[in-house]
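Remarks on the structure that follows.
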Number of protein chains: 2
Amino acid sequence: MAEQVDTLRRAPLSRDRVLRAAVALADETGIESLSMRNLANELGVVPMALYKHVANKDELLAGMIDVIVGEIDPLETDADWKRAVRRRILSAREALLRHPWAPLAIESRNEATPAILDYLNSMVGALRGGGFSTDLAHHVMHAMGSRMLGFSQELFDPTRRAGRSGAAEPPPPPAAFPAEAAAAFPHLAAIAGAAAHDDESVVGPGCDDQFEFEFALDLLLDGIDRLRADGWTSRP
Amino acid sequence: MAEQVDTLRRAPLSRDRVLRAAVALADETGIESLSMRNLANELGVVPMALYKHVANKDELLAGMIDVIVGEIDPLETDADWKRAVRRRILSAREALLRHPWAPLAIESRNEATPAILDYLNSMVGALRGGGFSTDLAHHVMHAMGSRMLGFSQELFDPTRRAGRSGAAEPPPPPAAFPAEAAAAFPHLAAIAGAAAHDDESVVGPGCDDQFEFEFALDLLLDGIDRLRADGWTSRP
DNA sequence: ACGGTAGGTGTACGGCGTACACCTGTCAAG
DNA sequence: CTTGACAGGTGTACGCCGTACACCTACCGT
């Protein structure tokens, strides 16, 4: 009878509920500890029940990615191409910052999901509408690369990646440059912060990731705009 | 006795031999099917024997990455910064093209390996030597992002990724744009090839990845050079 | 002669994705 | 009102994974 109550009380599963629960679980505990068993447990269900709603784990991941891509603001059509593209890319970045596991999940798939293709397609459309030739638009898409999807690399600041939104974030407080490494890689140390002016803690304030992202984005957009304005036509 | 012969005949294991075998195996069968068991089997050894030479699988992966990074040509010191950086990045790209699993392996680690830090450190050194301020060098490193390590994104051309250097490469021949997708994503289809002029095979010649990589690289390097020449100092 | 040690072995455990047979509640057709 | 198909949750089981731990063995310096 208790079983009946449990069964009845719990909202019925659905593909959508499975995907949302998976995204939430990955946000909380990191993608590497998202298993079919954990997810099923979270939903109060037996692992195999999930397979009635997703074909396998790979398809689950694809669905999760599409949930995130769905959070990206649609393209504005009234503004000029540069403004519209810039805003949309920053919106994509915001979406991905909410789900730190997403970049890796996207990159480790070998097939783009429909939602991603749709996103990229509309981006090309914005470029074409802004006067870009098919060829130039093509090269621009490659040049923007993953930046188009809102993520740059955080090579220096390898926090995050896992999620763990919970309690203590700074157990390895800045942790990035442990002073022995500073000696071995002086240029990186200099870059990692104001450094050196204080021989106690070598670690500076780290980087302003948002600034770095926009710096690179604008560098690319300005260079791209120059090509377009110069009437770039074919491989020079 | 046969066991003795086997034991004696086989070259003794070493960390180096383990790492090289792992790289070779990943090249051949793809990183996702590289397991401690497979690798041990390849070396004619029992799985646990590997743990006398690498601490665990994560450290194995780190070692494999360092093997690849070690294949990158050293930085030339005589040439001007732009030329030196460009050549080195293209050398990094060549190294990574030989090991298609490497980008994902690098990105999925949460700590950079010493060899990668060394590589990046020397790259910053080249910039500083070329007259870049610490700040500008910092931003430039972020702007170059993963391109610094020689890989761009192959979002449109999701072949590779696995390796399988063996026999038939074109079982899914071009496979990229299956004509139904072309209707849904017309801009991408236009970009993916000459397209449309022939209603039979929608797929064009695909992209020249090397050209795309250098296009983006030079776009960035030129933009960066302009900033440097303009005496870029701080956040504008 | 002998103890230490480096390096290969065997067994075992817990976790993973998922194939497959099964049960159960719902609902439309007869 | 019966029936039977079907959607959806269950239970068991298999083969793979990384790796802890105890062991054995050949070699080496003393």
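Below, read A as the first sequence line, B as the second, and so on, with proteins coming before strands; counting in each chain starts at 1. The basis for the numbers below is simple: all heavy atoms, side chains too, and nothing from hydrogens, waters or symmetry mates.
B:S33 meets the side chain to side chain donor-acceptor pair (under 3.5 Å) test with B:T29; sequence neighbours excluded. Every residue meeting the side chain to side chain donor-acceptor pair (under 3.5 Å) condition with B:D16, not counting sequence neighbours, appears here in chain and number order: B:R20. Legend: residues meeting salt bridge (Lys or Arg N to Asp or Glu O under 4.0 Å) with A:D73, ordered by chain and number and at least two apart, are absent. Taking the side chain to side chain contact (heavy atoms under 4.5 Å, CB included) definition, one finds that A:H99 meets it with A:V23, A:D27, A:I68, A:E71, A:W101, A:A102, sequence neighbours left out. By the side chain to side chain donor-acceptor pair (under 3.5 Å) test, A:D58 is found to be paired with A:R109, residues two or more places apart in sequence or in another chain being considered. Judged as a salt bridge (Lys or Arg N to Asp or Glu O under 4.0 Å), and not counting sequence neighbours, A:E94 has no contacts.
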Using nucleotides 3-5 of chain C, report all nitrogen or oxygen pairs with the protein that are shorter than 3.5 Å.
none

Tabulate protein N/O versus nucleotide N/O from nucleotides 4-6 of chain D, keeping only pairs under 3.5 Å, one per line.
none

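Between B:H142 and A:F213, the ring centre distance reaches or exceeds 6.0 Å.
Counting only residues at least two apart or on different chains, no salt bridge (Lys or Arg N to Asp or Glu O under 4.0 Å) pair has a member in residues 113-126 of chain A. Residues in residues 37-55 of chain A take part in no salt bridge (Lys or Arg N to Asp or Glu O under 4.0 Å) pair, two or more places apart or across chains.
Summarising the geometry, the separation between CD1 on A:I31 and P on C:dG17 is reported as 11 Å, rounded to the nearest angstrom. A:N41 places its CG atom 14 Å from the C1' atom of C:dG15, with the value rounded to the nearest Å. Look at CG on B:L39: it is 16 Å from C1' on D:dC16, rounded to the nearest Å. Atom-to-atom, CD of A:E32 to C1' of C:dC16 comes out at 14 Å; the value is rounded to the nearest Å.
The pair B:R15-B:E59 meets the salt-bridge criterion, since a charged nitrogen lies less than 4.0 angstrom from a carboxylate oxygen. At a threshold of 4.0 Å, the pair B:R86-B:E214 counts as salt-bridged, since one of the basic side-chain nitrogens sits closer than that to a carboxylate oxygen.
For C:dG15, its base never sits under 3.5 Å from the side chain of A:R37 at any donor and acceptor pair.
Residues A:E212 and B:M141 form no side-chain contact, since every pair of their non-hydrogen atoms from C-beta on lies 4.5 Å or further apart. Between B:I31 and B:M64 the shortest side-chain heavy-atom distance falls below 4.5 Å.
Within residues 46-61 of chain B, the residues approaching DNA chain C are B:V46, B:M48, B:A49, B:K52, B:H53, by heavy-atom distance under 4.0 Å.
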- Dot-bracket for DNA chain C, please, read 5' to 3', with Watson-Crick or G-U wobble pairs under 3.5 Å on both distances, ( ) within the strand, [ ] crossing, | other strand, . unpaired. ||||||||||||||||||||||||||||||
